[in-house]
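Data block below; observations after.
Everything numeric here is computed off the predicted structure, so don't read it as measured data.
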Amino acid sequence: MKVAKWEIKRNLKNKTFIIGMFLTPLFIIGFMFLGELFGGDEEEAETTKVFIHDELNLFSEIVATAESNNLPWQVLQTDLTKEEVKKEIKDTEHTAYLFIDEESLNEGIIPAYTSEEMDSSFINQAQILTAPIQAWQMKELGLSDEQLAIVSRGIQVEEAADSPATAEKTDEAAEESTDAPLERIVPGAFAGFIMLSIVFTGMAIFQSASQEKKDKIAEIILSSLTPNDLMQGKIIGYFVLGILQSFVSLAIVLPVLSWRLEIAFLEYLFVPELALYIIIAILGYLMFASIFVGVGATMTDVSSAGNFQGMVMMLPFLPFIFIAPVLSDPNGFMAQLGTYIPFTSPGVLLLRLSNLEEWPWIEIIISLVILVISIWIFVKLAGKIFKVGILMYGKNATPAEIWKWIRM
């Protein structure tokens, strides 16, 4: 614990670490607003001006229909003729003219004149206007309001309310409504953020171990401690620093994110499943940290890291390979494969569980057992490597030398 406290105090007094701890969430917020800056006018650009040439006094009904269906339209009236519209439409964007008159109703076609760059979905949206027009037609035929309501309502087949199948479906629907996606995604994203934060902070173990070798203070430290105590202290110390970085980032980013998206994230965060997510994140850190601290002791300097050390530093990024397969099929072969590979298991598990309504508990248990065994193995191997590597000066250890230390 002395080493852990020393690592924590040393980094908290380091201006670079403190500045980075607060700059990280500010960069996240900055990129969020930067995206909105470039895409902020999207809504205005997609708003369509729809001019109605109305000879049937249906304008108010058309406006009400467009608003009730949340169509991105600005509905306006016009007295322009078709010939005038053909000339006017050439110099416009996101504009349409609809002619609603007796001639259109007799032909059964409402002519629409649109600008060249009009969204292809506009004609499909405009089909919604047939409802008020058909209602007007039926009223002209002398149908009463009650008759109009009956005709408009239509007829459909529905399962009886007291049918056993209906009761079962109602219960299933109630379960689905309570199992909202946010209740799965928010805790999973929270645990994923914590895991990435502490793993990336833990990568500083590379520099810490190599720096102590470079400054030749490792021998002094080991005169009062065993190599295992030094290694475990570094793992615990950087774990605490990673957790601190995570909570500082979340304390700054989460309120801004809640405000921008209008989602109360805290309501979805503290659920029973969060405990499992956090356990997976911590196990992921312990595995990578044990690898980092062992390999870090084999380098004289981070800047002079060899190919082997460089590949080890890339291990936390392996789960990104499985993102697309897991999102497309969380129960597929690739998702299951990533669940059982120790280096990808934490990230893939968090991603899978955030996208599954029913958790595959057997796969989860097997994956956690593999993770725990892997951590035990890597800690043992890292201890052997660290014991020799921390006292080696002058060059980076080769894979052959590392293998020799492991077999000692």
Side-chain angles (χ1 to χ4, degrees), residues 32-158 177 180-182 256-264:
M32 183 171 64
F33 280 100
L34 193 64
E36 290 185 3
L37 183 65
F38 287 104
D41 294 334
E42 189 176 346
E43 255 185 51
E44 287 182 17
E46 290 183 356
T47 301
T48 303
K49 284 187 177 180
V50 181
F51 290 91
I52 307 294
H53 184 98
D54 177 27
E55 295 182 4
L56 305 178
N57 296 320
L58 290 174
F59 183 76
S60 58
E61 287 83 352
I62 290 171
V63 172
T65 301
E67 289 178 352
S68 63
N69 287 277
N70 296 318
L71 296 179
W73 291 2
Q74 181 184 358
V75 186
L76 304 165
Q77 278 188 298
T78 182
D79 295 325
L80 295 178
T81 63
K82 292 180 182 179
E83 295 301 321
E84 291 172 331
V85 166
K86 290 177 184 178
K87 297 177 182 178
E88 185 76 19
I89 201 74
K90 293 179 182 179
D91 301 322
T92 60
E93 293 181 356
H94 303 288
T95 304
Y97 288 83
L98 302 178
F99 285 82
I100 301 174
D101 50 28
E102 291 283 355
E103 182 183 349
S104 303
L105 297 187
N106 291 334
E107 294 178 358
I109 297 173
I110 297 174
Y113 296 86
T114 61
S115 52
E116 290 183 6
E117 297 181 359
M118 176 62 72
D119 192 332
S120 59
S121 65
F122 171 76
I123 296 299
N124 291 331
Q125 294 174 355
Q127 303 304 320
I128 201 72
L129 300 183
T130 58
I133 295 172
Q134 287 174 346
W136 180 87
Q137 284 179 313
M138 287 186 286
K139 201 167 185 178
E140 286 294 303
L141 293 173
L143 297 180
S144 65
D145 291 339
E146 291 181 3
Q147 291 171 322
L148 282 173
I150 293 171
V151 174
S152 302
R153 185 174 59 210
I155 298 173
Q156 59 185 0
V157 178
E158 249 183 38
S177 63
L182 284 175
V256 178
L257 206 59
S258 297
W259 169 60
R260 294 302 298 169
L261 300 180
E262 297 182 355
I263 297 174

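- Atom CG of L98 sits about 9.5 Å away from atom OG1 of T114, to the nearest 0.5 Å.
- A distance of 11.5 Å separates CG in D54 from OG1 in T78, rounded to the nearest 0.5 Å.
- Listed by chain and residue number, nothing satisfies the salt bridge (Lys or Arg N to Asp or Glu O under 4.0 Å) test with E102 (two or more places apart in sequence, or in another chain).
- Within a 6.0 Å sphere centred on CG of D79, heavy atoms belonging to other residues, nucleotides or ligands number 12 at most.
- In this structure a side-chain-to-backbone donor-acceptor pair under 3.5 Å is present from S115 to T95.
- Here the closest non-hydrogen pair linking W73 and A66 is CE3-CB, 4.0 Å.
- In E55, the CD atom is crowded: over 12 heavy atoms of neighbouring residues, nucleotides or ligands sit closer than 6.0 Å.
- What you find for A96 and F122 is that their closest heavy atoms are CB-CZ, 3.4 Å.
- By the side-chain contact (heavy atoms from CB on, under 4.5 Å) test, S68 is found to be paired with no residue, residues two or more places apart in sequence or in another chain being considered.
- How far CD of E103 is from NZ of K82: 4.5 Å, rounded to the nearest 0.5 Å.
- For E61, the CD atom counts as densely surrounded, since its 6.0 Å shell holds more than 12 non-hydrogen atoms of other residues, nucleotides or ligands.
- Taken from CD in Q127 to CD1 in I110, the straight-line distance is 8.5 Å, to the nearest 0.5 Å.
- Residues forming a side-chain contact (heavy atoms from CB on, under 4.5 Å) with V85 (at least two apart in sequence, or on another chain): L80, Y97, F99, Y113.
- If you run side chain to side chain contact (heavy atoms under 4.5 Å, CB included) between F59 and each of V75, L76, I100, only V75 comes through.
- In this structure a side-chain-to-backbone donor-acceptor pair under 3.5 Å is missing from T65 to V63.
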